[in-house]
Each structure stands twice: as C-alpha cells, then as structure tokens.
Amino acid sequence: MGLREVRFLNILSVLSVFAFFSCENSGADKIRGGELEALLLSGQQISYQCSVARPTFASLSQGQGTTYHCGSCHSGSNINGGVDITSYNSVSSVVVPGNPNASILFRVVIPGGLMSAYTADTLNQAIYCWIKGGANP
C-alpha cells in the first residue's frame, strides 16, 4: 500500500470519529462513507500562490483568520465536528501535509464545501498555503 493510500485511510479513520459528534450548524456530521470519499476525490482542484513557503499554524489566525471565521463553532467549549481550530493537534489531524486538495480541512472550506459559507477566500488561501508548506506548528 502506497503513502497516498495510507494517508487516505488515516483520514477516513479520523472522520469515522466525527460520525459520533453532533455538529448542528455546519453539516460536518453529514460526512458519511461514500460522501467522504466523493469530497476528497472530487475533481475540483484549487491552487493559490503562496508568498510564504512554510507558514506556521499561528499564521492561520492572523487578521480575519480561523479564529474570526471558525472560532465560534470550533473552539473553547464549543467544538463542533470534533475540530478545535485553536489546537494545532486537532487541526493537523484533518490535513495531509503538502497536499491541500487531499486534506479535509481545505476541502470543507473551498467553494461548495460544507463550511464554504463561513469562510472567505483569503482564509482559504491561508489554509491552502499552510498545508502546502507542510502544515507546520
């Protein structure tokens, strides 16, 4: 089994845990079986130009970043979908370092994704560049 398949199976394992959490306002609880595979393998491939080669996790919350857009539902005592946007360990568990288009976090924020109504293109670019640069702490 190749590295890509192992990473895909790891992502599937992480998402199977999400099935047990309720995420009333986001739709993340609707990711099940074939829907997850369709999300990750959909033909939509998005890319951005990155001005920083290896951005840090902290760069995601700068300006109107993850805390602004995602914090009310994914931090503190309100961690919908099992993702705490303020925790590197939590967020890094739903990404494939170096491959944004195979990462759950990026797939749910891009246009048409489950969280796309709650993000902005600048945040999507920051997430893309962080993952593309290796998803560094």
*Asks:* Quick one: closest heavy-atom pair of I85 and S75, and the distance?
*Replies:*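 For I85 versus S75, the nearest heavy atoms are CG2-CB, 4.4 Å.
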*Asks:* Compute whether any side-chain donor of one residue and acceptor of the other, for D84 and T86, lie under 3.5 angstrom apart.
*Replies:*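 Yes - a donor-acceptor pair under 3.5 Å links their side chains.
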*Asks:* Quick one: closest heavy-atom pair of S72 and N78, and the distance?
*Replies:*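 Distance-wise, the nearest heavy atoms are O-ND2, 2.7 Å.
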*Asks:* Can you name the ring-ring contact (aromatic ring centres under 6.0 Å, His included) partners of F57, sequence neighbours left out?
*Replies:*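 Partners of F57 under the ring-ring contact (aromatic ring centres under 6.0 Å, His included) test: Y88, W130.
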*Asks:* Sorted by first residue and then second, give each side chain to side chain donor-acceptor pair (under 3.5 Å) pair with at least one member in residues 48-68; sequence neighbours left out.
*Replies:*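 Sorted result for residues 48-68: Y48-D121, R54-N136.
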*Asks:* Assess whether side-chain contact (heavy atoms from CB on, under 4.5 Å) is satisfied between N101 and F106, documenting all intermediate values.
*Replies:* CA-CA 7 Å; N101 284 295; F106 185 65; 3.7 Å; yes
*Asks:* Could you check whether any side-chain heavy atom of L60 comes within less than 4.5 Å of a side-chain heavy atom of I127, counting everything from C-beta outward?
*Replies:*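 In contact.
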*Asks:* Would you say I131 and N99 make side-chain contact, with heavy atoms under 4.5 Å?
*Replies:*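 Side chain of I131 against side chain of N99, heavy atoms only: no contact under 4.5 Å found.
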*Asks:* Any donor-acceptor pair under 3.5 Å linking the side chain of N80 with the backbone of C73?
*Replies:*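 Yes, the answer is positive, given that a donor and an acceptor are paired below the 3.5 Å cut-off.
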*Asks:* Roughly how far apart are L105 CG and S93 OG, rounded to 0.5 Å?
*Replies:*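 Result: 9.5 Å between the selected atoms.
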*Asks:* I want to check something: taking the side chain as every heavy atom from C-beta on, are C50 and Y128 in contact at a cut-off of under 4.5 Å?
*Replies:*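 Of all side-chain heavy-atom pairs linking Y128 with C50, at least one is under 4.5 Å.
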*Asks:* Testing the basics here: between P55 and V52, what is the closest heavy-atom pair and its distance to 0.1 Å?
*Replies:*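 Closest approach of P55 to V52, heavy atoms only: CD-O, 3.4 Å.
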*Asks:* Hey, does the side chain of T119 reach the backbone of V109 with a donor-acceptor pair shorter than 3.5 angstrom?
*Replies:*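 Yes, T119 side chain to V109 backbone: donor-acceptor pair under 3.5 Å.
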*Asks:* Any non-hydrogen side-chain atom of H69 less than 4.5 Å from a side-chain atom of H74?
*Replies:*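 Not in contact.
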*Asks:* For S103 and V96, work out which heavy atoms get closest and say how close.
*Replies:*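 The pair with the smallest heavy-atom distance is OG-N, 2.7 Å.
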*Asks:* What are the two closest heavy atoms between P100 and R107, and how far apart are they?
*Replies:*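 Where P100 meets R107 most closely, the heavy atoms are O-CD, 4.3 Å.
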*Asks:* Among pairs that include at least one residue of residues 78-114, which meet disulfide bond (SG atoms under 2.5 Å apart), considering only residues two or more places apart or in two chains?
*Replies:*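 Disulfide bond (SG atoms under 2.5 Å apart) check on residues 78-114 returns no pairs.
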*Asks:* So which heavy atom on P97 is nearest to which on G134, and how close?
*Replies:*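 Heavy-atom minimum between the residues: CB-O, 3.6 Å.
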